[in-house]
Student: 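My questions will all concern the structure given below.
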Amino acid sequence: MTVRILRLDEGNAGCLDRLDPDVFDGPIDPVELARFLADPRHLMVVAIADGLVVGMASAFEYFHPDKRPQMFINEVGVSSAFQRKGIGRRLTGALVEIARERGCAYAWLGTEVDNAAAQACFAAVPDGEPPRPFLLYDWELED
């Protein structure tokens with residue numbers, strides 16, 4: 001089986017019509033998908049096997065007034081039936097390469113300390129730095 005990595009855009013977003021339900025956390029909202037794709041700072045790459053989307057990775061580029069742009073890799077998801085085949089590594093690597101092409105100083109992501117599968121995946125992406133612990137604060141903004 002051949003898995004190809006495709007950078008998602010408005011012209012090829014229809015590929016999400018054939019989606020393994022295990023890839024995203026929930027169903028695709030067409031309005032939110034259109035908003036995501038219309039913003040050039042937002043990026044998504046998908047993994048396609050036999051016409052079925054079996055993986056995705058999303059990121060966004062952000063700016064500071066005192067530094068070069070950075071890329072935050074927000075989420076990587078691969079269908080459970082396709083995990084441990086290098087797809088997550090390829091998706092992450094594709095976003096790192098896009099960040100490099102855009103002139104970003106860094107591409108980075110975070111994962112849970114007990115998520116061994118994600119850590120193995122991300123450590124396999126070439127040219128990465130060793131992971132460093134950090135504290136994460138978040139605010140639940142929905143009732």
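Numbers here are sequence positions counted from 1.
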Student: Can you tell me how far OG1 of T111 sits from CD1 of I73, rounded to the nearest 0.5 angstrom?
Tutor: 12.0 Å
Student: Kindly compute the distance separating CZ (F24) from CG (L33), expressed to the nearest 0.5 Å.
Tutor: 8.0 Å
Student: Show me the donor-acceptor pairs, under 3.5 Å and distance only, between side chains in residues 35-43 and residues at least two apart or in other chains.
Tutor:
| from | atom 1 | to | atom 2 | distance (Å) |
| --- | --- | --- | --- | --- |
| R35 | NH1 | E32 | OE1 | 3.2 |
| R35 | NH1 | E32 | OE2 | 3.2 |
| D39 | OD1 | R41 | N | 2.8 |
| D39 | OD1 | R41 | NE | 3.0 |
| D39 | OD2 | R41 | NH2 | 2.7 |
| D39 | OD2 | H42 | ND1 | 3.3 |

Student: Provide the closest heavy-atom pair for A107 versus A99 in the form atom of the first, atom of the second, distance.
Tutor: CB-CB, 4.0 Å
Student: So which atom in V23 and which in V53 form the shortest heavy-atom distance, rounded to 0.1 Å?
Tutor: CG2-O, 3.7 Å
Student: Quick one: list whatever passes side-chain contact (heavy atoms from CB on, under 4.5 Å) with A57, sequence neighbours left out.
Tutor: V45, V76, L91, L95
Student: Would you mind listing every ring-ring contact (aromatic ring centres under 6.0 Å, His included) that reaches into residues 92-121, with sequence neighbours excluded?
Tutor: F72-W108
Student: Is it true that I48 and L16 fall in one hydrophobic cluster, defined by side-chain heavy atoms closer than 4.5 Å?
Tutor: yes
Student: Tell me whether E101 at atom CD has more than 12 heavy atoms from other residues, nucleotides or ligands lying less than 6.0 Å away.
Tutor: yes
Student: Can you confirm whether L19 sits close enough to I28 that some side-chain heavy atom of one is under 4.5 Å from a side-chain heavy atom of the other?
Tutor: yes
Student: Can you tell me if D20 uses its side chain to pair, donor with acceptor, with the backbone of S79 under 3.5 Å?
Tutor: no
Student: So do the side chains of D50 and L52 get within less than 4.5 Å of each other, counting heavy atoms only?
Tutor: no
Student: Using every non-hydrogen atom in the two residues, find where G93 and V125 come nearest and quote the distance to one decimal.
Tutor: CA-CG1, 3.9 Å
Student: Between G103 and R68, which heavy-atom pair has the shortest distance, and what is it?
Tutor: O-NH2, 3.0 Å
Student: Are M71 and F122 grouped together when hydrophobic residues (ILVMFWY) are joined by side-chain heavy atoms under 4.5 angstrom apart?
Tutor: yes
Student: In residues 3-11, what donor-acceptor pairs under 3.5 Å come from side-chain atoms, sequence neighbours left out?
Tutor:
| from | atom 1 | to | atom 2 | distance (Å) |
| --- | --- | --- | --- | --- |
| D9 | OD1 | G11 | N | 2.8 |
| D9 | OD1 | N12 | N | 3.0 |

Student: As an exercise, state the distance from CD of Q70 to SG of C104, rounded to the nearest 0.5 Å.
Tutor: 8.0 Å
Student: So, do V46 and C15 sit near enough that their side-chain heavy atoms are less than 4.5 Å apart?
Tutor: yes
Student: Nearest 0.5 Å, what's the CG-CD distance between D25 and E75?
Tutor: 4.5 Å
Student: Pairs in or reaching into residues 76-90: which pass salt bridge (charged side-chain N to carboxylate O under 4.0 Å, His left out), with residues at least two apart or in two chains?
Tutor: none
Student: Once the angle between the rings of Y62 and H64 is folded into 0 to 90°, is it parallel (under 30°), tilted (30 to 60°) or perpendicular (over 60°)?
Tutor: perpendicular
Student: I'd like to check the side-chain contact (heavy atoms from CB on, under 4.5 Å) partners of P131; sequence neighbours left out, ordered by chain and number.
Tutor: none
